[in-house]
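Notes to accompany the following structure.
Scope of the values below: all heavy atoms of this structure, side chains included, with no hydrogens, waters or symmetry mates. Nothing here was measured: the structure is a model prediction, and the numbers come from that model. Start at 1 and go down the list; that is how both ligands and their atoms are numbered.
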Amino acid sequence: MDPLVRRKTLEAGKLGKMALEYAQSLIEPGSLLLDVAEKTEQFIRENGGLPSFPLNLSINNEAAHYTPSPGDTKTFRTGDVVKVDIGAQVDGYISDNAATVEVGNQGKYSDLIECSRAALNSALKVLRPSVEINRIGAAIGETIESFGFKPVKNLGGHGIKQYDLHSTIFIPNYDDGNRRRIEPNQLIAIEPFASTGIGMIHNGPGGNIYIFSGTKQKKGDPVIDNFNTLPFAERWLAKIKPDYKEYLKKNLFMKQISHFAVLKEHRGSMISQAEHTVLFDGDSVTVTTL
Ligand code: MN
Ligand code: MN
């Protein structure tokens, strides 16, 4: 692949990994989700990149897609199981990685947290050029079940392209029978989710994350100019556009912008997640966020 593209992809990986570690270090009982998000995103900007999407802080039965709203007052509580999900981008070349922490570290959910981490490691072990997609899913699903938990079936990894966080291919968390092979020069995110519930998520309320979804990208549009076609936080738009609420309302109606729903398992269940970005380049397979 193009050496410059490779270099930027690896740089984004390294920065995404550092940001994930930094975010986790800020999480403690009583701290504001808003502070953790703003500090982590600022960390990426100060280190030569941009966030490839807002920091996701999804708690307990939430699997993904919650970021604090402008002025959010939500705080972490002891025992919360927090999925911390972040990535960096360099000129649109993206990383995406995640880890799970238990607030206060009392060890009540160590098994669940270890489970998704172990499933991710099992997946990494089967990777080779042109690996079949369902082999990755099988490795994940078997590991999660060996811990006595359920893999989340309707959520998984994905292909990544420049300025495109969720490109077409889907990497399942179980053997879905898809024998299609990973292609040369493909970048993918692998993200096992383990659940104490039924292993199916549904759409909850909006999680303050939006994305451009129109067909024409107009220069001069605050979203295209600032966030391109990557997900953005309501917080980010609020800082550059005082009448952001009106803008969002109008563009949601016109279908120029879409709102991500928080993805949730049923009440009372707990979910853990682990995620890495992997680059398939010729004969080499490189985890960019390791
Ligand atoms: Mn992610
Ligand atoms: Mn992802």
Name each donor-acceptor pair under 3.5 Å that joins a side chain in residues 42-50 to protein atoms two or more places apart or in another chain, with its distance.
| from | atom 1 | to | atom 2 | distance (Å) |
| --- | --- | --- | --- | --- |
| Q42 | OE1 | R45 | NH1 | 3.3 |
| N47 | ND2 | F43 | O | 2.7 |

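Excluding waters, the count of protein N/O/S atoms less than 2.8 Å from the Mn ion (ligand 1) comes to 4.
Here the closest heavy-atom approach between residue L20 and residue V84 is recorded as CD1-O, 3.4 Å. I144 and K150 make their closest contact through CG2-C, 3.5 Å (heavy atoms, listed as atom of the first residue, atom of the second, distance).
Distances from the Mn ion (ligand 2) to each N, O or S atom of H158 single out NE2 as the nearest.
Scanning for side-chain contact (heavy atoms from CB on, under 4.5 Å) contacts around S122 gives A139, T143, with sequence neighbours left out.
Within the structure, side chain to side chain donor-acceptor pair (under 3.5 Å) contacts touching residues 94-106 (residues at least two apart or in different chains) are D96-H158.
Judged by a 6.0 Å distance limit and a 45° cone about the ring axis, K153 is positioned over the six-membered ring of Y174.
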